[in-house]
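Below: one structure, written as structure tokens.
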Amino acid sequence: MNSSPRVRFAPSPTGYFHVGGARTALYNWLIARKSGGKFILRIEDTDEARNGEEWVDGIISALSWLGIDWDEGPYRQSERSELYSKAVNRLIEERKAYWCDCKREEIDVRAKERGGPPGYDGHCRNLNKPKSPGSALRFAISRPGSTTVNDVVRGEVVFDHANLEDFIIVKSNGSPLFVLANVVDDINMKITHILRAEEHLPTTPKAILLFKALGVEELPVFAHVPVLVNAKRQKLSKRRDRVAVEDYRDLGYLAPAMVNYLALLGWSPGDDREFLTLDELIELFDLEKVNHSPAFFDEQKMQHFNGVYIRNLSDEEFVNYCYPFLEKCDWWTASDDQLYVFRAISPLVKERVSLLGEVPVMVEFLFTEDLRLPEDLVEQVLRKDAKAASILADIRSIYETIAQFSHDELNQATRNYCESIDTPLRKVQAPIRVALTGSKVGPPLFESIELLGRETTLNRLEKALQLINSR
RNA sequence: GGCCCCAUCGUCUAGAGGCCUAGGACACUACCCUCUCAAGGUAGAGACACGGGUUCGAAUCCCGUUGGGGCUGCCA
């Protein structure tokens with residue numbers, strides 16, 4: 001490997017930034033950081049019709065959120081057209097490219113007539129046609145011949161030129177096609193390692209031919225990493241799969257958890273370790289150890305990773321990460337009182353969520369004025385259980401008179417009560433929990449009751465009793 | 001169709017000819033712990049796609065088959 005590699009991530013702003021792109025960016029970034037090289041961000045926006053400025057913002061904010069920073073850029077191909085025309089002029093002068101005004105239909109008809117593979121037949125190659133309004137520039141591929149791609153992860157891949165058509169490098173509207181812009185920029189930016197998704201492998205011989213035609217003697221190192229696939233094992237696409245990085249952020253994933261998980265799709269440190277810090281990733285990542293086969297993007301496993309990362313947060317960090325999610329709730333006022341209560345319950349919540357987005361629903365009962373009990377739970381836990389009414393009534397009078405409204409005392413008093421009626425606590429807690437929190441699951445009960453306070457607790461018990469009797 | 005890539009539990013993977021009775025993780029099942037739910041602990045089920053070679057010996061090397069994927073655009 002070159003002593004100071006220059007790598008680039010070159011997304012096109014044509015849709016949400018998805019996790020596959022994030023992983024490619026990450027791998028590039030890891031190589032740069034590992035070797036003291038440079039990571040360059042380049043926006044490939046040569047196709048005006050499909051670009052959107054909002055997608056550029058999305059790419060930038062997603063990369064920033066993930067902690068993938070760049071040393072140069074973002075460059076934009078749309079601002080570098082002089083570079084491309086210079087290269088184009090050179091290719092034309094050296095007769096390595098020619099103008100072609102064949103229409104797609106004509107090409108298809110000719111292909112059909114001659115049988116065999118579809119594609120352009122080189123019709124205009126020796127016709128010396130001048131540039132005209134409808135013409136596009138094609139690259140003249142040497143024939144016969146073959147081009148070998150020397151790929152770090154794939155090995156040597158040979159492409160026979162017989163299977164390569166004279167491809168277009170400049171559209172009839174004058175803008176360059178991505179292969180051309182790509183190669184010109186890679187030369188100009190002195191890119192040493194081209195690491196991209198496997199889907200680009202078939203166009204690599206074209207790129208190599210262009211590198212050579214433009215006078216490059218030492219080609220960059222190529223590495224094509226396997227694509228990420230959906231459950232049907234198709235390449236992840238922003239159109240059919242909902243996999244935008246920002247969606248995961250909004251769901252409550254922690255960036256380091258996502259980065260950690262992404263790094264492991266297609267690569268492993270070679271042992272059983274799975275939880276790796278960024279520094280460890282930088283140290284251990286090795287292109288030679290990248291897998292060859294596509295990896296399924298498994299949200300379930302990523303969520304598990306996220307849970308582990310959340311539990312590893314300090315209580316204070318956890319609270320801070322939760323605020324944006326609380327602020328989306330209409331019951332959240334961020335009053336001193338609410339802040340106090342949330343801080344108090346948060347360590348118990350931290351152990352119970354795997355997404356930050358799960359936090360509000362778990363604590364809502366502590367903050368809403370009038371708690372609504374779901375009808376099915378009222379039926380199932382309160383009415384169907386013959387003992388529920390008496391338990392709630394008894395507990396209400398116990399809690400009314402308890403000296404210290406602390407979780408220890410509540411716990412003790414409740415346990416004493418359980419003993420007196422010869423019923424296990426696990427049975428007794430169910431109706432209390434539903435009456436007080438509106439849910440069968442949640443943070444530990446007595447801590448919750450303490451934070452609810454005596455008044456609210458007694459009121460809710462009373463309300464639940466009325467509900468039972470009101471049938 | 002043509003070209004190219006790929007192939008270990010359902011999933012992500014370890015595996016560089018003997019360390020493999022194929023290891024770990026997610027998910028799943030059971031049990032333990034337990035005030036619910038999580039977390040944690042223990043156990044369990046679960047894979048080398050198939051067929052030929054090469055070799056004393058193959059998950060590992062070669063060939064073929066099958067299967068999957070990608071590309072085949074005046075998209076990137």
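Each chain gets a letter, A, B and so on, in the order its sequence line appears, and its residues count up from 1.
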Item checked: Which residue lies more 5' along RNA chain B, comparing A:Ile168 with A:Asn411 via nearest heavy atoms -> A:Asn411

Side chain of [X], heavy atoms from C-beta onward: which of [options] has the nearest atom to it?
{"X": "A:Ser293", "options": "B:U13, B:C74, B:C6", "answer": "B:C6"}
{"X": "A:Phe446", "options": "B:C35, B:G70, B:C74", "answer": "B:C35"}
{"X": "A:Lys301", "options": "B:C35, B:C37, B:A25", "answer": "B:A25"}
{"X": "A:Pro202", "options": "B:C5, B:G70, B:C35", "answer": "B:G70"}
{"X": "A:Glu199", "options": "B:G70, B:G24, B:A38", "answer": "B:G70"}
{"X": "A:Ser12", "options": "B:A76, B:C4, B:G40", "answer": "B:A76"}

Check: Would you find a donor on one side and an acceptor on the other, under 3.5 Å apart, between the side chain of A:Ser135 and the backbone of A:Lys131?
Finding: no

Notebook entry, point to check: In whole Å, what separates the P atom of B:C71 from that of B:G23?
Noted result: 37 Å

Notebook entry, point to check: When you check the phosphate oxygens OP1 and OP2 of B:C74, does a side-chain N or O of A:Arg104 lie under 4.0 Å from one of them?
Noted result: yes

Next item on the list: Report yes if a side-chain nitrogen or oxygen of A:Asn163 is closer than 4.0 Å to either non-bridging phosphate oxygen (OP1 or OP2) of B:C71; otherwise report no.
Entry: no

Check: Has the side chain of A:Arg352 got a donor or acceptor that lies under 3.5 Å from a partner of the other kind on the base of B:C37?
Finding: yes

Next item on the list: Please check if atom NZ in A:Lys129 has more than 12 non-hydrogen atoms from other residues, nucleotides or ligands closer than 6.0 Å.
Entry: yes

